[in-house]
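Both counts, for ligands and for their atoms, begin at 1 and track the order of listing.
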Amino acid sequence: MLQVNKPTSEINRDFAEADGSASQTLTSYLDIISRQFPTMVAIVSACVILALLYLFTAAPQFTSTASMVIDTRKVQLFQQQSVLGDIAVDSATVETQVEILKSENISLAVIRDLHLIDDPEFTGSGGGLLGTVISAVSGLFAEGRASSEFEQTRKALDRFEKARTIKRLGLTYVMEIGFTSRDPQKAAKIANAIADAYIVDQLEAKYQATRRASVWLQDRIKELRTQASAAQKAVVDFKTANNIVDTGGRLMNEQQLAEVNSQLIMAHAATAEAKARMDRINDILKQEIPDASVADALKNDTIVKLRGQYVDMASKESIWAMKYGSDHLAAVNLRRQMAEIKKNIIDELKRIQESYKSDYDIAMTREEAIKSSLNNVVSESQLTNQAQVQLRELESNAQSYQAMYDNFLQRYMESVQQQSFPITEARVISAATTPLKKSYPKTLVILAGALFGGFLLSFGAAMAREFTDKVFRTTGQVEQELGANCISILPALGNTASARGIGGRVLGGKRAGKNNPEPDLLRYVVENPLSRFAEAVRSLKVAVDLNSIVRENRVLAVTSTLPNEGKSTLSTNLAQLIAHSGARVILVDSDLRNPSLSRALVPNAQVGLVDVVAQKAQLEDALIVDAETKLSILPAGTTSKLLHTNEVLASKAMHALIALLRSKYDYVVLDMPPMAPVVDVRVTSAFVDSYIFVVEWGKTKIDVVRHNLRGSPEIQDKLLGVVLNKADTKALARYESYHGRYYYQKYYARYGYVE
Ligand SMILES: Nc1ncnc2c1ncn2[C@@H]1O[C@H](COP(=O)(O)OP(=O)(O)O)[C@@H](O)[C@H]1O
Ligand SMILES: [Mg+2]
C-alpha cells in the first residue's frame, strides 16, 4: 500500500490547511500587513512625497483637441461619378485616414506653415529640469557647429510627433487630433493646423489626380477623334466603291433579282406553249387531211373552209364515181380539184407551221436572254453581299469609335468641372480651443498612481521582509518550521519591555552581566504571580502535566540552540512556580560550561553537581533551599577545571543521582547548556523525560534551530515543545492579531494583571 505514515498531529494539520485555505491566505496576508504596517506606511508616504515633489517641479503641459469627421454621405454636387472613383467609407478607410493624419507630409506642412523650427519648444532644449540636464549633457559631446536646417526640421518633427495624438473615436468615423504643448494657445493652434493641413492635402490629392486624368483624357480624345472620323470616312468610301445604294431598306440588286425572276418564269411558259403548238402542227402535217377536231383546234378559217370544200367534193366524187364510173371526166375533174384543195390545205398548214416555229424561236431567244440577265443579276448580288459584310464591319467600327469618343469627351468635361470644384469627405466638427486646465502632470492621477505604486511597493517590501525574516515570531511558525508544539510565549521583561508595557512594573537595576541571568528575573513568577510572564510559565507547567498522561514527565530539561536564549531564566522560573504550588521540586544547574544559574542564584555555594557526581560531596551538603518556595537548588559545583563536561553528564553516577532525585522529588528541572556549541545535552536523553526547548523570539534563526534539532533525533523524540522567549509584546500583538490582542492586552488590562 502506498501510504505515507504521518503522525496524527501532522495529518490533522494537513486537514486544517486544506480546510478554508482561501480565508487562511487572506488572513495570513492581513497578518503580514498588520505586522509590517510601520514599514508600509513609511514607503507609501515616501512615494507620495516624491510624487508631490514631482508635481511641484514638473513643467505643466496643455492638450488641445480638434475633432474631424469623415462624411459617409457623398457630396453630390454633380450627378456623376468622380474621376477617382469614390471608395466606400469603411473601417479600414478611417484607419487609413488616421495614418494619413499621422504622416510626415502633414506634420512637415504644419511645421513649415507655423515656422515651428524657430520655436524653442521644438528645436531648443527639452522642457523641465530633466530636459535641461539632458541637453546640457548632450551639448558637451556635440561638435561646435550649428545644426543644419534639415537636422532642425527632423528634430522639430520628432518633438512634434511625440506631442501629437491622433486616434479614432471608438468605431465612429470621427478622428480626434490632439496636441500637447507648454503653451495652451499654441496647442490649440497646432491641433487646428493639423486638421487644416489634412484637408488641404486631401483636396490637393484629389486635384492632382483629376488633373492628371484630364490631361490623359485630352490626349486620348484627340486620338479618338481622328480614329472615329477615319472610320466614318472608310464607310462612305466603301459604299461608293461598291455602288451600294439603299432603297427603302432593300438594296437595289435584290429588287432587280425579284423582277427578272418573274420575267423568266413568264418567258419559260411562253416558250413551252410555242413548242407545244409547233409539235401539234408537226403531227397534223403528218396526216394528209387534218381531221375535223384538228381543224377546229387550229381555229384557222382558211383551212376550215378548204376542208369543208374538200369533204363536199369527196362525197360528190364518190357519188359520181358510182354513177358514172370513176374514170368519168367529171369524177376525174373532181379528183383534180380535190388534190388542189389538199395541196392548198397542206400549204396553209405549212405556213402555220412556219409561223409557229418562228414564234417558238422567238420565245426561246427571249427566255435565253432573260436567263442570262438573271445570271448576271445573281452574280452581281453575290458580290454586293460580300461587300455588305465588309460594310457592316466598317460601320460598327466607326460607331464604336464614335461612342468611345463621346464617352471620353463627357468624362473630360466632368473632370474639368471637378477640378474647379474640389470637395473632400472630411470636415472639422469641433475646432481645438485653448485648454483651461493643464493636461500633464495630472495631479490626481499622479497622486493616485504614487499611492497605488507605494502600496504595491510597500506590500512587496513587507512580503520580502516577511520572507527574509527567518526568525521565529509566532506559534504557527514554530509548528510549521519545526513540527513541534509551541507551548507558550514568554514576554521580554526588564527595561525594554517595561518601558513599553502598559501598567508594567519597571524593573530596576542593570543586568548582572552578559552571561548571567538577571537575578530579579529568576524569581519573577514568585514576585509577580499574576503577570503575563507567570501565566506563560504556568501554561508550560500545564503542558508538562498534560503530557504526563502519555509518559512520565518528571525529569524536565530546559535547553536551547544558542547561549543566552533564556534557558536559565525559564528553568528557574518554572521550578519556582511548581515549587510555589506545593510540589517538591529540585532545580539542577547542568550547564557545566557556563554555570550562570549557580552564579546568579547561589554565588557562594562551594560544592555542587560535579562534586556530588564525583562523590566528593554529599547531595544534602550541596543542596540549597529557597526560603519562600521551598525549591531545592543543586548548583553546578566546581566546574572550573573541567574539560569533558559531557563525560560527567553521561556517567553512571549521574544516572544514579537522577534516579535518586526522582525518588525524592516530584519534579527535577535541569538547566542545560545550549545544544549548538556543546554536545552535553545529547548524552542526557537517557535519564531526561522531556525536553523544553527555548527559542529567542525574533532573534534565533529558523534554519539554525531546525538544523540543530534534526541533528539530534533523541532530543526531538522527547521534545515536549518549544517556548518562545523575550517576545516583544507590542510586536507580538501584531503577529498574533486575532488571538493575541485579546489575551495580551485587553484581558490583562481589564483584570489588573501586570507584566
Ligand atoms: N523573558 C526575558 N525578558 C528579559 N530578559 C530575559 C528574559 N529571559 C532571559 N532574559 C535575559 O537574557 C539573558 C540570558 O538569559 P539566560 O537565562 O542566562 O540565558 P541562557 O541560560 O540561555 O544562556 C539574561 O541577561 C536574562 O536576564
Ligand atoms: Mg544559562
Sub-3.5 Å N/O-N/O distance, S560 and ligand 1:
no

Looking at L53, I'd like to know if its CG atom is crowded, meaning that more than 12 non-hydrogen atoms belonging to other residues, nucleotides or ligands lie closer than 6.0 Å.
yes

Under 4.0 Å between heavy atoms, the region of P674 that gets near ligand 1 turns out to be neither

For S488 and A536, indicate whether the former's side chain and the latter's backbone hold a donor-acceptor pair under 3.5 Å.
yes

Residue selection (non-hydrogen contact nearest atom 4 (C) of ligand 1) among L724, L493, V558:
L493

Restricting to non-hydrogen atoms, name the atom on N564 and the atom on K567 that form the minimum distance, rounded to 0.1 Å.
N-NZ, 4.1 Å

Taking only heavy atoms of F533 into account, list the atoms of ligand 1 that are under 4.0 Å away from them.
1 (N)

Parallel, tilted or perpendicular, as decided by the 30° and 60° cut-offs, for the rings of F533 and Y524
perpendicular

Does even one non-hydrogen atom of S571 get within less than 4.0 Å of ligand 1?
no

Exactly one of R706, K470, K701, R473 should register a salt bridge (charged side-chain N to carboxylate O under 4.0 Å, His left out) with E481. Which one does?
R706

Ignoring angles and geometry beyond distance, decide whether P491 reaches within less than 3.5 Å of ligand 1 through its nitrogen or oxygen atoms.
yes

Is D671 in polar range of ligand 1, meaning some N or O pair under 3.5 Å apart?
no

Before signing off on this row, confirm whether L521 and ligand 1 have an N or O atom pair separated by under 3.5 Å.
no

Tell me which one of L490, T572, N725 gets a heavy atom nearest to atom 8 (N) of ligand 1.
N725

Which residue, L657, L670, D591, forms the side-chain contact (heavy atoms from CB on, under 4.5 Å) with L609?
L657

Is it true that atom CD of Q606 has more than 12 heavy atoms of other residues, nucleotides or ligands lying nearer than 6.0 Å?
no

I'd like to know: is the Mg ion (ligand 2) within the 2.8 Å range of an N/O/S atom from S568, strictly under that distance?
yes

